[in-house]
Protein chains: 2
Amino acid sequence: MRNRAICAGLEPDELDALGQLGRKQRVAKGQTVLWEGDDSVVVANVIEGVLKVSMSISDGREQIVGLVFASDFIGRPFGQQSPYSVTALTDAELCIFSRSTFDSFARQHPELEHKLLRRTLTELDRAHEWMLLLGKKTATERIATLLLEMSARLGETGCSADNNALDAFELPLDRQQMGDVLGLTIETVSRQLSLLKADGVINLPDRRTVAIQDRARLQDLSAAA
Amino acid sequence: MRNRAICAGLEPDELDALGQLGRKQRVAKGQTVLWEGDDSVVVANVIEGVLKVSMSISDGREQIVGLVFASDFIGRPFGQQSPYSVTALTDAELCIFSRSTFDSFARQHPELEHKLLRRTLTELDRAHEWMLLLGKKTATERIATLLLEMSARLGETGCSADNNALDAFELPLDRQQMGDVLGLTIETVSRQLSLLKADGVINLPDRRTVAIQDRARLQDLSAAA
DNA sequence: CGTCCAATTGAGCAGTGTCAATTACCGTGG
DNA sequence: CCACGGTAATTGACACTGCTCAATTGGACG
């Protein structure tokens, strides 16, 4: 697991020092670990589980701006406030650091900052891809894209570079959350899934699991670049 | 100008070495300096002008995922391909580096990587904010948000920390480009601007300039968090 | 077996998109 | 300097996607 985590590539003594600074913590499904607008007091590494990163408007509208999986990083280093909330979608285990402690440790360990930079750049690429989806794609295309993305990201095991996209997987999201990721309502999500099922592109054995039956077709429908 | 640029904070000798690696280049309005999907051969620092960062779908739909101003950084360091295109919205001047040269220089200069990391984190915050806009805001809210954002970013002079939001400014975007930033059509953009003008919130002396007449109201309409 | 909540499905509507016509602006050349 | 042409922007009428509100179904669990 450790090899993809933020600490990967550090010298053993560095890794040890970093380990001293963090503490493991379990969080239950539904629990929020970071609040939008609050002082940015902690950052963390995800050891296990899936979490959502979300932003909202005062009237309650919420957009999920990211999903975080095992070995991913959460929190806003080098910033006074957290621009978003982070909430566990499944039971999860985190390795938590005080933000200020992490910041100064990072500044003294260029290799760590380098890793963090690469991660942040990848995250930015993903955000851009999602902006294209939110700004220009139709409901069908959004659903298809999400299913392929979940298939790919849940297939990453963390060990080496095996990108086995899964053909059947359990969604860590309910319909409302899928809507909040895609900029759609719960009803539109449901309708689109029903259509894909009726067309034989996917199957939905139960409310949380998806089985991709015609990946090529799903890729066409996703309107990839 | 230099104080906000990527090279800020480097030791004089480092700054000198970096300067050796880059070359200044003028680009004309409309010219594309980076193509989506192409090998990521260059990165650059913007010296002057405004550029758009965009992604598109094969059928021609385009989403602008970022706007780049003087002292901002463009290109994808540490990546094989450029995930987006970059095109000049005004005549511009860049300081261009070979990507591989820049990458290895950066790896040897932690302070530079640190600056780049901070920048990338800020860019990611902006992308998240925009995802909220694209996923959840109405047309009116989007327009109001864009006008305030342009007012703020065009007001940044680059010298010290003066954030003078401008009450009148020239948009570097035409209506189509505003639409491509906001996930709206040209007609919707035009209608919303006309409405704001009719309500006395803004004035539109000519097709490119905006004068904010009631900033408080515009802020309300923008549905900020 | 009944209850509860998520998900699905239906009907009608609203907000944007589409397509088309008109107007305003700006540069050009007479 | 003014007339003209071309492009960008505006405005109008209508269509359509996705949203809202409401009713129904379907699982999961006690």
Side-chain angles (χ1 to χ4, degrees), chain A residues 29-30 57 59-63 89-90 132-147 170-199 201-211 221 223, chain B residues 28-30 52 57 59-63 89-91 133-147 170-199 201-211 221 223:
Chain A
K29 174 172 171 171
I57 303 177
D59 62 12
R61 280 174 284 176
E62 174 179 321
Q63 176 68 33
L89 296 175
T90 64
L132 176 60
L133 177 146
L134 293 170
K136 289 277 142 58
K137 291 192 183 180
T138 65
T140 311
E141 291 166 347
R142 293 181 199 205
I143 293 283
T145 305
L146 177 67
L147 294 180
E170 182 158 337
L171 285 170
L173 307 163
D174 63 26
R175 297 290 184 267
Q176 178 64 57
Q177 290 159 345
M178 293 175 72
D180 289 342
V181 174
L182 297 174
L184 298 172
T185 59
I186 201 172
E187 295 93 337
T188 301
V189 170
S190 182
R191 277 187 251 272
Q192 294 297 333
L193 287 172
S194 297
L195 284 175
L196 287 174
K197 183 178 178 180
D199 288 354
V201 180
I202 60 171
N203 197 13
L204 302 165
D206 71 79
R207 61 172 73 177
R208 286 279 180 152
T209 93
V210 177
L221 290 172
Chain B
K29 174 172 171 169
K52 68 170 181 176
I57 302 178
D59 63 11
R61 280 174 284 176
E62 174 178 321
Q63 175 69 34
L89 295 175
T90 65
D91 289 344
L133 177 146
L134 293 170
K136 291 276 141 58
K137 291 192 183 179
T138 65
T140 311
E141 291 166 347
R142 294 182 199 205
I143 293 283
T145 306
L146 177 67
L147 295 179
E170 182 158 337
L171 285 170
L173 306 163
D174 63 26
R175 298 289 184 268
Q176 178 63 59
Q177 290 159 346
M178 292 175 74
D180 289 343
V181 174
L182 297 174
L184 298 172
T185 59
I186 201 173
E187 294 93 337
T188 301
V189 170
S190 182
R191 277 187 250 271
Q192 293 298 332
L193 286 172
S194 298
L195 283 176
L196 287 175
K197 183 179 178 179
D199 288 356
V201 180
I202 60 171
N203 196 14
L204 302 166
D206 70 79
R207 59 173 74 176
R208 286 278 181 153
T209 93
V210 177
L221 290 172

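Below, read A as the first sequence line, B as the second, and so on, with proteins coming before strands; counting in each chain starts at 1. No hydrogens, no waters, no symmetry mates; every other heavy atom, side chains included, goes into these values. Source: prediction; values computed, not measured.
DNA chain D is contacted by both Ile186(B) and Pro205(A); Ile186(B) maps to the nucleotide lying nearer its 5′ end (nearest heavy atom per residue). Of the two residues near DNA chain C, Gln192(B) and Leu173(A), the one whose nearest nucleotide lies more 5' is Leu173(A).
When rounded to the nearest whole Å, the span between CG of Leu134(B) and P of dG18(D) equals 15 Å. Protein atom CG of Leu204(A) is 15 Å distant from nucleotide atom C1' of dT25(D), rounded to whole Å. In this structure, the CD atom of Gln176(B) is 9 Å from the P atom of dA9(D), given to the nearest Å. In this structure, the CZ atom of Arg142(B) is 8 Å from the P atom of dG17(C), given to the nearest Å. The separation between Leu133(A) atom CG and dG18(D) atom P is 12 Å, rounded to whole Å. For the pair Met178(A) CE and dG18(D) P, the computed distance is 15 Å after rounding to whole Å. One can place CD of Glu170(B) at 15 Å from P of dC25(C), the figure rounded to the nearest angstrom. One can place CD1 of Ile143(B) at 11 Å from P of dT16(C), the figure rounded to the nearest angstrom.
No engagement by Leu193(B) is indicated, since no non-hydrogen atom pair under 4.0 Å with the nucleic acid exists. In this structure, Gly183(B) reaches the sugar-phosphate backbone alone: every heavy-atom distance under 4.0 Å involves primed, P, OP1 or OP2 atoms, never a base. Residue contacts for Leu184(B): at a heavy-atom cut-off of 4.0 Å it reaches the sugar-phosphate backbone alone, with no base atom in range.
Between Ile143(B) and Leu196(B), some side-chain heavy-atom pair lies under the 4.5 Å cut-off. No side-chain heavy atom of Gln192(A) sits under 4.5 Å from any side-chain heavy atom of Met178(A).
Look at Ser190(A) and you won't find any side-chain N or O under 4.0 angstrom from OP1 or OP2 of dT9(C). Dashed line: the shortest gap from a side-chain N or O of Arg175(A) to OP1 or OP2 of dT8(C) is under 4.0 Å. OP1 or OP2 of dG17(C) sits under 4.0 Å from a side-chain N or O of Thr188(B). When the side-chain nitrogen and oxygen atoms of Ser194(A) are compared with OP1 and OP2 of dT9(C), one or more of them lie within a distance under 4.0 Å.
At distances below 3.5 Å, at least one donor-acceptor pair connects side-chain atoms of Gln63(A) with backbone N or O atoms of Asp180(A). Listed for the Asp174(A) side chain is a donor-acceptor partner under 3.5 Å among the backbone atoms of Gln176(A). At distances below 3.5 Å, not a single donor-acceptor pair connects side-chain atoms of Arg175(B) with backbone N or O atoms of Glu187(B).
Closest approach to the Arg207(A) side chain among dT16(C), dG10(C), dG27(D) is made by dG27(D) (side chain taken as heavy atoms from C-beta onward). Checking dC19(C), dA9(D), dT16(C) against the side-chain heavy atoms of Glu187(B) singles out dC19(C) as nearest.
Residue Arg191(B) places a side-chain atom within donor-acceptor reach of the base of dT18(C), judged by atom type and a 3.5 Å distance cut-off alone.
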